Amino acid sequence: MLTLRQLHRHLGVFFTPAIVFFALSGALQAFDLHKGAHRGDPPTYPWIAAMAALHKDQEMYEPPKPKAPAAAPASAAPAPAAPARAAAPEEHVNMPLKLFVVALAAGLCLSSLTGLYIAFTNPRSRRSAGLALAGGMVLPALLVLLA
């Protein structure tokens, strides 16, 4: 039983940074905070878009490049004014489910951070918990940078 507890503690501490990251980024995505106000717009919050890119696609976020206007021939007539943006179709919003996702993320973060606290309060496991936590932070960062 002692070996099982130690395995549980080390796995929990190792995966806590990823659990907290994915819980927070998933909660932010539930409210589409990683997108722009309209389709094709740059994201309103680039740091949330960066988290979402890692969460959804396991890659670094690259901001959209501004489009250069096409050069018109000298003899061409002026271009007509851009049409007004069509109203986006109304989409179904399930607010109770979105709020549940936020509560789930908060509970998962709180549970993980509580486990981290417990792991570090035991003087005999403090060093191994620190190594597991460092590994759980460094390994994913290296994997993202090497990809």
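The structure displayed is predicted, hence computed values, not measured ones.
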Problem - Close side-chain approach of Y45 and K35, heavy atoms under 4.5 Å - result: no

Practice task
Establish whether L133 and Y117 are linked, either directly or via other cluster members, by ILVMFWY side-chain heavy-atom contacts under 4.5 Å.
Solution key: no

Problem - Cluster check F21, L145: I/L/V/M/F/W/Y, side chain < 4.5 angstrom - result: no

Exercise for the section: Taking the side chain as every heavy atom from C-beta outward, state whether Q29 and K56 have any atom pair closer than 4.5 Å. Expected result: yes

Exercise for the section: Spell out, yes or no, whether L104 and L113 are grouped together once hydrophobic residues are joined by side-chain heavy atoms under 4.5 Å, including indirect joins. Expected result: no

Practice task
Answer yes if F100 and L33 sit in the same cluster of Ile, Leu, Val, Met, Phe, Trp and Tyr residues linked by side chain heavy atoms under 4.5 Å apart, and no otherwise.
Solution key: no

Practice task
Using a 4.5 Å cut-off on heavy atoms from C-beta on, say whether the side chain of L99 contacts that of F31.
Solution key: yes

Handout entry: Side-chain heavy atoms of C109 within contact of L24, under 4.5 Å
Key = yes

Problem - L28 vs H34 side-chain heavy atoms within contact, under 4.5 Å - result: no

Practice task
Please check if the side chain of H10 supplies one atom and the backbone of Q6 the other of a donor-acceptor pair under 3.5 Å.
Solution key: yes

Problem - Side-chain (K98) to main-chain (A30) donor-acceptor, under 3.5 angstrom - result: yes

Handout entry: Co-membership, hydrophobic cluster, residues V20 and V144, 4.5 Å side-chain
Key = yes

Practice task
Kindly compute the distance separating CG (L116) from OG1 (T121), expressed to the nearest 0.5 Å.
Solution key: 10.0 Å

Exercise for the section: Starting at CD1 of I19, measure out to CZ of F14 and round the result to the nearest 0.5 Å. Expected result: 11.0 Å

Problem - Non-hydrogen side-chain atoms of L54 and S25 separated by less than 4.5 Å - result: no

Practice task
State, yes or no, whether a side-chain contact exists between T114 and S112 at a heavy-atom distance under 4.5 Å.
Solution key: no

Practice task
May I ask you to decide if S125's main-chain N or O and S128's side chain share a donor-acceptor pair within less than 3.5 Å?
Solution key: yes

Handout entry: A119 backbone acceptor or donor facing R9 side chain under 3.5 Å
Key = no

Exercise for the section: Kindly say whether L108 contributes a backbone atom to a donor-acceptor pair with the side chain of S111 at under 3.5 angstrom? Expected result: no

